[in-house]
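We use all heavy atoms of the structure for the numbers below, so side chains are in, but hydrogens, waters and symmetry mates are not. Letters A, B, ... mirror the listed sequences (proteins, then strands); counts begin at 1.
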Protein chains: 2
Amino acid sequence: MITIKKIAEIVGVSPTTVSNVIHERKNKVSAENYEKVKKALRENNYVSNMGGRILGRHGSKIIGVILNYSRRSEINIISDPFFNQIIGYLEEQIRMNGYFMMLYTSGSVSESLKLTSAWDIEGLVILGALPEDAEKFIQQTQKPIAFIDTYVDEKKINKDYINIGLKDFEGGYDVTNYLIELGHQKIGFCADGNHLSGVDEQRFAGYKQALTEANIKFHNHDFFGLDYHVKQRHDYLVNLVRTRLKDYSGLVFTSDYLAVDAMNIFQDNGIRIPEELSITGFDHNIFSEQCRPKLTTIGQDVRQKAKLTIKYLMREIHQKASGKTNILLDVELVIQNSTVPV
Amino acid sequence: MITIKKIAEIVGVSPTTVSNVIHERKNKVSAENYEKVKKALRENNYVSNMGGRILGRHGSKIIGVILNYSRRSEINIISDPFFNQIIGYLEEQIRMNGYFMMLYTSGSVSESLKLTSAWDIEGLVILGALPEDAEKFIQQTQKPIAFIDTYVDEKKINKDYINIGLKDFEGGYDVTNYLIELGHQKIGFCADGNHLSGVDEQRFAGYKQALTEANIKFHNHDFFGLDYHVKQRHDYLVNLVRTRLKDYSGLVFTSDYLAVDAMNIFQDNGIRIPEELSITGFDHNIFSEQCRPKLTTIGQDVRQKAKLTIKYLMREIHQKASGKTNILLDVELVIQNSTVPV
DNA sequence: CTGTTAGCGCATTCAG
DNA sequence: CTGAATGCGCTAACAG
């Protein structure tokens, strides 16, 4: 491995001069030396040793991306195209900013923070954090943190942080309202698990708001908490077809994944969609396109989410700005074929 | 950040003793000191600084996972659940071995190798490498490398490497043979792009072998190279429905993703599947389950792939073994509802 | 069993 | 504009 010292020897200057050339401090190096050093760096394929950087606390250039496993099951994380997409786009953005991405999955805040200090990580992106975990993260580290899709209670936190989310409430509202406009009155809400928080909670609130405005009363049994184990979920859905599914003309799902999964089970059990039941998803990912009927859903721009996340994180890292940043991106109602008027 | 030196001060021993405790060299530390140091480490939440490790060439504990973009388009990488799954499982295995995962996408071998030397990466996992890239990787670095699904030409390489793949030839053969057993004679082969290599080439060869054994002649026009741009691909498929799709009773696809995508387009254009056309996929991932009819496909154990990859990589890193390791995992024909006898 | 020392590569400070 | 010296944290070699 070629080092600054060796380059200095080759060219016949001091390591400092080489360092100055690397960092483009042209005002500190003569034009002649600058060129000579540049050439040597190129010819010898110089790559800086990150160990030296970390040790000298000159910045590790690592962004840690942490997948918080706590709520969703492993099965869903690995099956959900959203995670796939966002990780792909985050990597792209991190790389384009000259940083490196360390990917880590963990259910524990302290484990994640150990990672951070071991590597002197410059910034964290945290996916799938619950509000209480988010608070711990913010309190326990000085490093810039960007959450994606986490609802942090601003009042509880007096430090800076970034959150890039979605207008989930609006999404839940819009899609429900669309069903209402189509004449639906009996609309159920289906989510991952029984205890909603964060994103799903907001979508649920939006759903309820739409019902309220339309003078439709919500009953607790209109909420369907689905198991994330495939087998249990499918058994439950089949049972629903046999019992009280007929009480509903529309179902709002918190994700395309769940919607498509359920739609297939319903269809397998003789329910005609959308004729007998309208279904809506959320995400507008590949699932809502690769099923029939295609899903009416709420679209989000995943690439934009990744782009903004890294943009604000970089701003924070470079101390160009601070303060709380909480951006909720717009959603878009994508009307396809899984919904019809009643 | 707490360091070994500080722990040493706190306990009143030398840094070496602390280091020996950390590395569990019990024979070099008195039981009494061992306990005292252990306690201090715990209480102060000691985390080793990786910069020190890298700089001292004591092992960075980083595994670099490189996604080679060259062949498949970005769109497909991010849409294909296989990448999602394998990355998730690789991360899990890497973490369980006490290592860290650095994720990097790149089309260039030299860029990837720069990453390797900058971080003193201990081992590489390379996804989606073409055979010629694989050779470059192997020749240009001394670090242990594990490829996933790459067909390296053994004769050209005199260094060690690991490849964990699939019996792709067998998969292509089995699925085609199954169609033949169902009475199909006119069977097309559909792949990503016109120039096949690696995995798809093997699957194609298996398909042709099955035809040959059944005395079915293969013509060049039985091969369908699909565009990875969605729009172009769909236009092409729609056109196929109007023209010569009727010449075929079965189509073998190189992936579930392509198969489901095409199946939807065919169905949208009035083709009844499987009645009028049998379709097969490859991968047995979520797509083959979340479509109707469910796809007959070739199953692979993605988790096992990740597990073996890291197992052999670790073995190589710890110098416990060497030599070329080329393991092709078994495939399994998964018969579902997209195929019927003619 | 314990402690001292050296060196890994970088960027910065300070002296020229 | 240039260079010498320094310290970051860890581990291994070596001396006691």
Quick one: is D:dC1 close enough that its OP1 or OP2 comes under 4.0 Å of any side-chain N or O from A:Arg25? no
So what does B:Gly51 touch, heavy atoms closer than 4.0 Å: a base, only the sugar-phosphate, or nothing? nothing
Can you measure from OG1 (A:Thr309) to CG (A:Leu90) and round to the nearest 0.5 angstrom? 6.0 Å
Does OP1 or OP2 of C:dA11 have a side-chain N or O of A:His23 closer than 4.0 Å? yes
Would you say A:Ser48 places a side-chain N or O within less than 4.0 Å of OP1 or OP2 belonging to C:dC10? no
What is the nucleic acid contact for A:Asn20, judged by heavy atoms within less than 4.0 Å: base, sugar-phosphate only, or nothing? nothing
Basic-acidic side-chain contact under 4.0 Å: A:Lys136, A:Glu132: no
A side-chain contact here means heavy atoms from C-beta on lying under 4.5 Å apart; do B:Val152 and B:Ile157 qualify? yes
Ignoring backbone atoms, establish whether B:Arg57 has a side-chain N or O less than 4.0 Å from OP1 or OP2 of C:dG9. yes
Under 4.0 Å: is that the gap between some side-chain N or O of A:Tyr46 and OP1 or OP2 of C:dG9? no
Length of the line joining A:Lys61:NZ and C:dC10:P, which is rounded to integer Å: 15 Å
Does the side chain of B:Ser14 get closer than 4.0 angstrom to OP1 or OP2 of C:dG3 through an N or O atom? yes
Report yes if at least one side-chain N or O of B:Ser19 is closer than 4.0 Å to OP1 or OP2 of D:dT11; otherwise report no. yes
Atom CG of A:Asn49 and atom P of C:dG7 are separated, to the nearest Å, by 17 Å
Neighbour count >12 (heavy atoms, 6.0 Å) for atom NZ, B:Lys156: no
Ignoring the backbone of B:Thr3, work out which of C:dT2, D:dT2, D:dC10 is nearest its side chain. D:dC10
Less than 3.5 Å between a donor and an acceptor, one on the side chain of B:Ser30 and one on the base of C:dT2, is that the case here? no
Strictly below 4.0 Å: does A:Arg53 bring a side-chain N or O up to OP1 or OP2 of C:dA11? yes
Using a heavy-atom cut-off of 4.0 Å across all strands, would you classify B:Thr16 as base, sugar-phosphate, or nothing? base
